[in-house]
Amino acid sequence: MNKLLVICGPTATGKTALGIKLAKEFNGEMVSADSRQVYRGMDIGTGKDLPLNAKYRTLNTEYADYRIGYYEIKGVRLWLYDVVGPDYKFSVADYAKCASVVIRDIWKRGKLPIVAGGTGFYIKVLVEGIGTAGAEPDWKLRRKLQSFKVAELQGILEKTCAERLRGMNESDRKNPRRLMRAIEIARQNQKPCLAGRQGKTKNQKHKLEIKKLLTIGLTSSYETLYGRIDKRVEERVRQAIVEEIEGLLGKGYTWENSALGTTIGYKEWEEHLNSLNTKYQIQNTRSIIQRWKYDEHAYARRQMTWFRKSLRGVQGYWFDITGEGWENKVTNLVAKWHDTKG
RNA sequence: GCACGGGUGGCAGAGUGGCCAAUUGCAGCAGACUGUAAAUCUGCCGGUCGUAAGACCUACGUGGGUUCGAAUCCUACACCGUGCA
């Protein structure tokens, strides 16, 4: 019985902690669904929270690009941390490959995979598959389109696949990144050129055969969330995030060639660390930390709008982490789901 | 005490007679999302009514005044900053 338990929700709600608890109770293994924890060496800022003695065990797979393995925390396996180096351009497609390998392995051993993470898009693709006909990124094209204005990109897409442009919503139509990807897809497979929900779902070899799915959402009021986030940011500063970044920069990773430049908790330090080197310290630490907190707040909000939508219709499965006895309620819900057949 | 300078929406900061409920950034709120997703993008953002257009109210330190009309000019007062005593 291919069961899959998903724990989602915004940052700082304790998804991993809950996952570990449930893994112990239901003979499960954790699979991270986090677009940043896949990077080796980016630990403090991405909140890996690994015990000092955590050992990593690797699984041999057909994929040479990834290091697929697990850490064992409190006797529970935690998969998909540290999959690639910070300079690898990791995407949902990479995630789908890795996660499907891991989840099938867990199923094979008769255990329950528990997917926990804040990257809603990764979870969605894992559960539903990707319908973009496997159009690979065309970096040369992207580089070329980089400097184009929105109106110009729209013009190009109009010529390449007018139908696609018409199918986009107001927001996406003004989003250069989406326009670029649409052009990229259109150039690679002329015929449908329609990505996503409009296109035919092909190339789904990574699509999992999930027989039973339960999704649990963790949340709280923004007031609570922001408070937890702020506290956690302060902790990370104390855990020497700056030293971690300096170490990575020292190894040759840069703000441009790695995930450093796009990851909250890292990117905020760019100007500061650069200016330190040249004796021009423009920003003080205080304001960087504040910036970092604000970025996390906005991130939590974005996550909420994603998860609100994806959990629409299963409202009962949202749990407020400040509520009385919510953990028992979760356990009961999972137990009921886990025990029933069919 | 004298001389300058300053006060503007939750914050920062434009505006120096009508086009100002007031540029912009931040914060905040809502939304989008099918190979960059911790990314990227959209909308709202003084109050009330309205789907909207719009209407009305309250607002640019406080009180007066000039003017058809003031955040913008004059004046008095209280306050903050710097300089000289």
Side-chain angles (χ1 to χ4, degrees), chain A residues 10-12 32-39 42 45-48 86-98 117-139 141-143 145-146 150 153-154 164 167-182 184-185 188-189 192 194-204 206-207 221-223 225-226 229 232-233 236 256-268 287 290-310 312:
Chain A
T11 190
S32 160
D34 189 298
S35 71
R36 303 294 140 162
Q37 291 178 331
V38 299
Y39 292 113
M42 294 174 67
T46 64
K48 284 179 197 163
D87 55 349
Y88 186 91
K89 289 184 187 306
F90 199 85
S91 76
V92 234
D94 295 301
Y95 181 76
K97 286 179 203 165
C98 296
T119 308
F121 187 33
Y122 283 14
I123 296 173
K124 185 183 171 77
V125 167
L126 188 63
V127 172
E128 298 172 17
I130 348 170
T132 43
E136 300 268 341
D138 180 343
W139 295 103
L141 176 71
R142 290 188 188 186
R143 237 173 289 127
L145 296 177
Q146 200 65 46
V150 168
L153 292 171
Q154 288 175 344
R164 176 79 178 96
M168 290 173 103
N169 62 39
E170 274 306 299
S171 166
D172 277 357
R173 210 173 289 168
K174 291 176 186 166
N175 188 331
R177 195 164 286 184
R178 295 273 158 68
L179 288 165
M180 274 192 256
R181 166 102 268 241
E184 187 173 82
I185 291 170
Q188 286 182 40
N189 37 293
L194 300 175
R197 50 173 67 128
Q198 305 167 56
K200 290 277 186 304
T201 298
K202 298 188 208 165
N203 211 26
Q204 295 264 41
H206 303 295
K207 180 111 175 9
S221 69
Y222 280 144
E223 200 188 356
L225 255 26
Y226 295 168
I229 286 168
R232 205 179 58 174
V233 166
R236 290 177 183 180
E256 293 75 33
N257 77 5
S258 76
L260 287 176
T262 57
T263 304
I264 295 170
Y266 297 83
K267 61 179 180 180
E268 293 83 2
S287 70
Q290 190 55 58
R291 176 81 261 135
W292 179 358
K293 288 174 183 172
Y294 287 151
D295 285 347
E296 294 265 2
H297 297 178
Y299 173 47
R301 267 182 255 131
R302 265 179 277 133
Q303 287 177 304
M304 276 310 295
T305 96
W306 180 286
F307 292 125
R308 261 197 285 258
K309 186 178 175 186
S310 55
R312 198 178 291 158

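Residue numbers start from 1 in every chain, and the chains themselves are labelled A, B, ... in the order their sequence lines are given, proteins ahead of strands.
No N or O donor and acceptor, one from the side chain of A/Arg178 and one from the base of B/C41, sit under 3.5 Å apart.
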Between A/Asp34 and A/Tyr122, is a side chain to side chain contact (heavy atoms under 4.5 Å, CB included) present by the stated rule, with each step listed? CA-CA 8 Å; A/Asp34 189 298; A/Tyr122 283 14; over 6 Å; no
Check step by step if side chain to side chain contact (heavy atoms under 4.5 Å, CB included) holds for A/Phe121 and A/Trp306. CA-CA 8 Å; A/Phe121 187 33; A/Trp306 180 286; 3.9 Å; yes
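Taking the six-membered ring for Trp and thresholds of 30 and 60 degrees, A/Tyr294 and A/His297 have ring planes more than 60 degrees apart, a perpendicular arrangement. A perpendicular orientation is assigned to the rings of A/Tyr95 and A/Phe90, their planes being inclined by more than 60° (bins at 30° and 60°).
Within 4.0 Å of A/Thr119, counting heavy atoms only, lie sugar-phosphate atoms of the nucleic acid but no base atom. Here A/Thr11 lies out of heavy-atom contact (under 4.0 Å) with every strand. Within the 4.0 angstrom heavy-atom criterion, only backbone atoms of the sugar-phosphate kind lie near A/Phe90; the bases stay farther away. Using a 4.0 Å heavy-atom distance criterion, A/Tyr122 is classed as a sugar-phosphate-only contact. Residue-level contact check: A/Arg173 touches neither bases nor backbone, having no heavy atom under 4.0 Å from any strand. A/Asp94 comes within contact range of no nucleotide atom at all, as no heavy-atom separation falls under 4.0 Å. At the heavy-atom level, A/Gly118 lies under 4.0 Å from the strands shown only through sugar-phosphate atoms. As judged by a 4.0 angstrom heavy-atom cut-off over every strand, A/Thr262 is placed among residues touching the sugar-phosphate backbone only. Residue contacts shown for A/Tyr294 are limited to sugar-phosphate atoms, with no base heavy atom under 4.0 Å away. A/Lys174 comes within contact range of the sugar-phosphate backbone alone, with a heavy-atom separation under 4.0 Å but no base atom that close. Looking at heavy-atom distances under 4.0 Å, A/Tyr226 makes contact with sugar-phosphate atoms alone, never a base. At the heavy-atom level, A/Val125 lies nowhere under 4.0 Å from the strands shown.
When all heavy atoms of A/Asp138 and A/Glu184 are compared, the pair lying nearest together is N-OE2, 2.8 Å.
Across all strands shown, B/U58 forms no Watson-Crick or G-U wobble pair with both distances under 3.5 Å. When both pairing distances are held under 3.5 Å, B/C41 makes a Watson-Crick or G-U pair with B/G31. In this structure, B/G5 forms a base pair with B/C80, meeting either the Watson-Crick or the G-U wobble geometry with both donor-acceptor distances under 3.5 Å. In this entry B/C26 has B/G10 as its Watson-Crick or G-U wobble partner, both defining distances falling under 3.5 Å.
The same atom, C1', is picked in B/A70 and in B/A59; the two are 13 Å apart, to the nearest Å. The P atoms of B/G54 and B/A3 are separated by 49 Å, rounded to the nearest whole Å. Across B/G43 and B/C11, the matching C1' atoms stand 22 Å from one another, rounded to whole Å.
Per the geometry, CG belonging to A/Leu179 stands 10 Å off C1' belonging to B/C41, to the nearest Å.
Within the 4.0 Å cut-off from OP1 or OP2 of B/A30, at least one side-chain nitrogen or oxygen of A/Tyr222 is found. The shortest distance between the side-chain N/O atoms of A/Arg302 and the OP1/OP2 oxygens of B/A37 is not below 4.0 Å. Of the side-chain N and O atoms in A/Arg301, one or more sit less than 4.0 angstrom from OP1 or OP2 of B/G28. For the pair A/His297 and B/G28, the criterion of a side-chain N or O lying under 4.0 Å from OP1 or OP2 is met.
Around atom CD of A/Glu256, more than 12 heavy atoms belonging to other residues, nucleotides or ligands sit under 6.0 Å away.
Both A/Arg181 and A/Glu296 sit near RNA chain B, but only A/Arg181 has its closest nucleotide nearer the 5' end.
Of the candidates B/U40, B/A37, B/G31, B/U40 carries the atom nearest the A/Asn175 side chain, counting heavy atoms from C-beta on.
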